[in-house]
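A short write-up of the structure that comes next.
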Amino acid sequence: LTRGAVSVGAADPLTDVAAAQVWGLGQVAALELPHRWGGLVDLPPTLAERDADRLVAALGQHGERQLAIRAEGTFVRRLDRAPGTGATFVPPDGPILITGGTGALGGHVARWLAAAGAGQLVLTSRRGLGAPGAADLLAELTALGADATVATCDVTDPVALRELLAGTSWRGVVHAAGVLDDGVLESLTPERITEVARVKLGTAGLLDELTDGLDLTMFVLFSSVAGTVGSPGQANYAAANAGLDALAQHRHDRGLPATSIAWGPWADGGMAGSDAVGRRLSRGGITPMDPDA
């Protein structure tokens with residue numbers, strides 16, 4: 001049971017981003033432990049008698065495993081196809097921060113932004129220019145016409161991130177940093193869950209807090225399909241990414257820009273493109289994506 005971890009519509013704001021992680025972890029529990037997993041139910045702020053009746057009814061049925069109980073009734077979760085907008089991307093007219101910017105995904109995004117006309121890019125890395133390929137990436141971005149720099153920063157450190165963000169009129173954020181620590185749910189420790197969440201959701205929360213009041217036109221979070229439909233062996237990663245999706249919803253509820261993209265595995269260096277998880281995803285029909293696409 002959670003409360004405020006999901007939204008059923010524009011008039012129902014998501015209020016607990018941290019609790020939304022349970023919905024990502026639950027997706028994996030359903031796949032790894034199907035005979036022991038009951039499901040997920042999100043409760044209203046106040047549990048009236050009719051809501052309690054709906055909860056009892058939900059616990060007694062076996063067809064739906066992801067429910068939200070509200071004053072209007074009981075809602076079930078569905079994945080639906082979103083229509084394309086046909087919009088053309090125009091980069092922000094100011095500095096863009098890319099966390100994990102020297103990694104495989106961050107590098108692809110930096111090149112894409114530079115080619116689209118982004119003028120100023122700041123790529124973060126804990127090793128700065130000492131990160132593998134960082135110098136070559138900077139040369140590529142410069143050749144594409146961007147004013148690009150690599151900042152040495154541990155983005156999970158609130159003090160370091162605050163210092164990096166201070167004094168700059170940021171216009172865009174792309175949070176592409178992340179770590180994996182895969183293992184079946186019963187093998188995960190609190191520490192293994194916390195570390196993955198710290199890099200993914202913890203940093204995103206800091207970026208949300210520290211950019212408050214800035215005139216951002218893009219706030220992009222690199223989430224994962226693991227948080228949407230689950231991925232065996234990745235309960236901690238699924239939880240953290242479900243939190244990213246919830247943070248994007250929470251920003252929308254506050255009238256702020258946010259886009260959370262639930263990626264599948266990337267080819268050419270993505271974290272899940274060539275490991276055991278990537279191979280399992282491929283067997284299930286989710287093949288590594290061409291970064292250019």
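The chain is numbered in sequence order, starting from 1. Everything numeric in this text was worked out from a predicted model, so none of it was measured.
- Classification of R70 and D42 as a salt-bridged pair holds, one side-chain N sitting under 4.0 Å from a carboxylate O.
- A donor-acceptor pair is defined here as one N or O able to donate and one able to accept, closer than 3.5 Å; no such pair exists between the side chain of R50 and the backbone of G73.
- If you check the side chains of Q249 and D245, you find no donor sitting under 3.5 Å from an acceptor.
- In terms of heavy atoms, A146 sits closest to A114 at CB-CB, 3.9 Å.
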> When you look at W263 and V225, which way does the side-chain contact (heavy atoms from CB on, under 4.5 Å) test go after all the steps?
Replying inline: CA-CA 6 Å; W263 295 113; V225 68; over 6 Å; no
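- Because its NZ or CZ atom is both nearer than 6.0 Å to the ring centre of F219 and within 45° of the ring axis, R251 counts as a cation-pi partner of that residue.
- The pair K200-E195 does not count as a salt bridge, with every side-chain nitrogen at least 4.0 angstrom from each carboxylate oxygen.
- Salt-bridge annotation for R171 and D93: present, with a side-chain N of the basic residue lying under 4.0 Å from a carboxylate O of the acidic one.
- When side chains are defined from C-beta on, L207 does not count as touching V155, because their heavy atoms never get closer than 4.5 Å.
- Nearest heavy atoms, V174 versus L113: CG2-CD1, 4.5 Å.
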>> Between D157 and R126, is the salt bridge (charged side-chain N to carboxylate O under 4.0 Å, His left out) condition met? List the steps.
In response: CA-CA 11 Å; D157 182 343; R126 281 179 294 180; over 6 Å; no
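- Heavy atoms only, all atoms of each residue included: S231 and A226 are closest at CB-CB, 3.8 Å.
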>> Let's go through I96 and V122 carefully: what are the C-alpha distance in whole Å and the side-chain angles of both, what is the deciding distance for side-chain contact (heavy atoms from CB on, under 4.5 Å) to 0.1 Å, and is it a yes or a no?
In response: CA-CA 6 Å; I96 303 172; V122 178; over 6 Å; no
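- For the residue pair T2 and W23, a side-chain donor N or O sits within less than 3.5 Å of a side-chain acceptor on the partner.
- Here the closest heavy-atom approach between residue A29 and residue L185 is recorded as CB-CD2, 3.8 Å.
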> After noting the C-alpha distance and the side-chain angles of T228 and L79, does the key distance pass the side-chain contact (heavy atoms from CB on, under 4.5 Å) rule?
Replying inline: CA-CA 9 Å; T228 306; L79 189 63; 4.1 Å; yes
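- In terms of modelled atom types and a separation under 3.5 Å, the side chain of S223 and the main chain of N241 share a donor-acceptor contact.
- Taking the charged nitrogens against the carboxylate oxygens, R127 and D154 have no contact shorter than 4.0 Å, which rules out a salt bridge.
- Not one N or O on the side chain of E163 forms a donor-acceptor pair closer than 3.5 Å with the backbone of A160.
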> Can R198 and E191 be said to form a salt bridge (charged side-chain N to carboxylate O under 4.0 Å, His left out), step by step?
Replying inline: CA-CA 10 Å; R198 189 171 70 96; E191 292 76 20; over 6 Å; no
>> Would L97 and L164 count as a side-chain contact (heavy atoms from CB on, under 4.5 Å) here? Give the steps.
In response: CA-CA 10 Å; L97 179 74; L164 174 64; 3.9 Å; yes
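- Side-chain contact check for R54 and T74: no donor-acceptor pair (N or O, by modelled atom type) lies under 3.5 Å.
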